[in-house]
Amino acid sequence: MLRTTLLAALLAGSLGVILAHPASAQATADPETDRRALREFYANRFPQVDLADHKDGVYAIDAGAREQWLEMEDFPPYEIAVDEGAELFAAPFANGQGYDHCFADDGAVKQNYPYFDEQRGEVITLELAINDCRSAHGEAPLPYDGQELATLAAYMAFASRGNPVAVDAPASDAARAAYAAGKRFYSTRRGQLNFACTSCHIQLVGNRLRAERLSASLGHVTHWPVYRFKWEEVGGLHKRFAECNSQVGAEPFPEQSDEYRNLEYFLSYLSNGLELNGPATRK
Amino acid sequence: MAAKVKIRGKVKDGVANVKSLMSHPMETGTRRDPEGNLIAAHYIEKVTCFKNDQEVLSANWGASVSKNPYFAFKVKNSAPGDVIRITWTDNLGDTGSGELVLK
Amino acid sequence: MKISKTLAAALLLGLVAGCDAPQGQQSPSASAQQAIEQADASYQQSSAAGHAWSQTKVRLQAARAAFAAEDYDAALAEAERARALADASLAQAQAEQTAWQDRFPVARSPSK
Amino acid sequence: MALSRRKWIGTMLAAGGAALLPLRLLANTAAAFKAADADTALKELFGDTPVEESAAIKLKIPDIAENGAVVPVTVSTDIADVQAISIVVDANPNPLSASFTISPDAFADVSTRVKMGKSSLVRVFAHTPGKVYTTSKEVKVTIGGCGG
């Protein structure tokens, strides 16, 4: 028993040494400074990659994987979800109104999500807004881990394709606190493997973890929901967050929890300016 | 109601380049659900492709074709206005079909 | 360095968890019961800190299952394992209070 | 509502009408798909027709598959009189994945996506009246534990 603990602690310690990054404390940096720093970091790390191409995630930095991905994107399995989502989006509620009463431009609004709602004092993601819309029209909310919500979001992502991410900068102390909470979550080591999000996506980015190429944080939010071949269906960003947490031996948080919404807010601001290209396929 | 087959295609120099996507679980019969029960095999066995009601191509499949199958092929002597129709039937007798007028 | 502090804390907690198991006086069932309660308390703390580890719960459940099957030696062993994991995750939560601040990139070029 | 199989076949015959082609090349398809090893599958498919390696068949498939659940495959050839194309993944529990019957109105050029349980030799076959031509490629499948 003790030996396992010791081994885990030693492993954690040695990984810590490898991953330590020579940056100074950045707890209080403002979002625009963070965004600039992140872009500069990846520009130096991947000088051959145009920053705008990070919208393609890992396929911006792995030519071999990109070829197969493009082949898949030629007629991708998520098109079925986009079609179904379009029908769901167009179907009227019991009161005769529909989603288009809540979302402008036939749902092509993903670029503005998430945002910080000053009245409610919390981050509103697209998924939350969909359920708010349902509640406002007397419909029961959809489960956050279900296919109907993911399918609707897939349609809205498709409708929003090509629009650049345009998440508003935090404008109040409460909003800045939500952003900071997201940044802290992203940078905090969790789980028995003692990994932070930054361990893989900043410190070790571009390297391989077993057979997988580690992707850049820039562009992490542009392509959701994703048809993941491992899931064999479309799923949202928070489902992936939960998976990342589980993979490092940490108990995941629920989809649309405060933790994950703040994280999405932080990550989305960093990707401001990148083109949306969701939904997409991932392995 | 038969399931829909999504079809895309273009004619160039008399050749129709046709791509299709079918919504189907393609269960192998060897996977287990979270409770540990075997999930019954359920897969498309036969796909038939027509141009203007004439069969031009068919496929026999096993369960090892991927979920939501993709199938692309090329048809000779095609012209805009030709109708491509694709139909499938699975091991449980369910069917699907789709049609596309070539441009 | 912060890293070595984490390591020391984890090791220390691991040792404490291993050594403070009650000896001699208690019945095996009472010892196992107490170890499970202690492990659970530590696990709840780590969970409240947002640092629960998946294996802690797995071990706790194994301890409870062994206890229910009246295998008190196994229950005690699993509970101690759960406790060690929970304590290490608490040490992680503690170290991360400040350690997280060093991990995000900082701009090298002067701001425009 | 789903059509019953018998009704379905009836519909197909009506639709195909007299145009149905005499595509009875594949000897025993059902048994071939059930075969648990590649040799048995091939015997069921081709019987005693001689099989010959040919560089005239193009097999496009990744060297390292991104994901074993969805491996894109394209098979094409200029060989004359090809009436069928088959795809065999040797290491799969049922190696025969797909068999395509090709009329004179279609090119011998098909693409699909197949599942691969593990790294395997992938063999494709082009069937002409007197002879079967083949080519193959070793495909590595990595375990997609992470990614995305």
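Here is the naming used below: chain letters follow the sequence lines, and residue numbers restart at 1 for every chain.
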Residue pair C:R103 / A:T188: nearest heavy atoms and the distance that separates them: NH1-CA, 4.1 Å

From A:R189 atom CZ to C:S89 atom OG, the distance as rounded to the nearest 0.5 Å: 15.0 Å

Heavy-atom proximity to chain C below 4.5 Å, by part of A:F185: neither

From C:F104 atom CZ to A:T33 atom OG1, the distance as rounded to the nearest 0.5 Å: 10.5 Å

Heavy-atom check, side chain of C:Q97 versus side chain of A:R184, under 4.5 Å: yes

Shortest non-hydrogen separation from A:E40 to C:A107 and the atoms involved: OE2-C, 3.7 Å

Nearest atoms (heavy-atom pairs only) where C:V106 meets A:A37: C-CB, 3.7 Å

Short side-chain to backbone donor-acceptor contact, A:R190 and C:G50, under 3.5 Å: yes

A:Q192 side chain vs C:Q55 backbone, donor-acceptor pair below 3.5 Å: no

Closest non-hydrogen atom pair between A:S187 and C:E96, with its separation: O-OE1, 4.0 Å

Structural part of A:N44 lying under 4.5 Å from a heavy atom of chain C: side chain

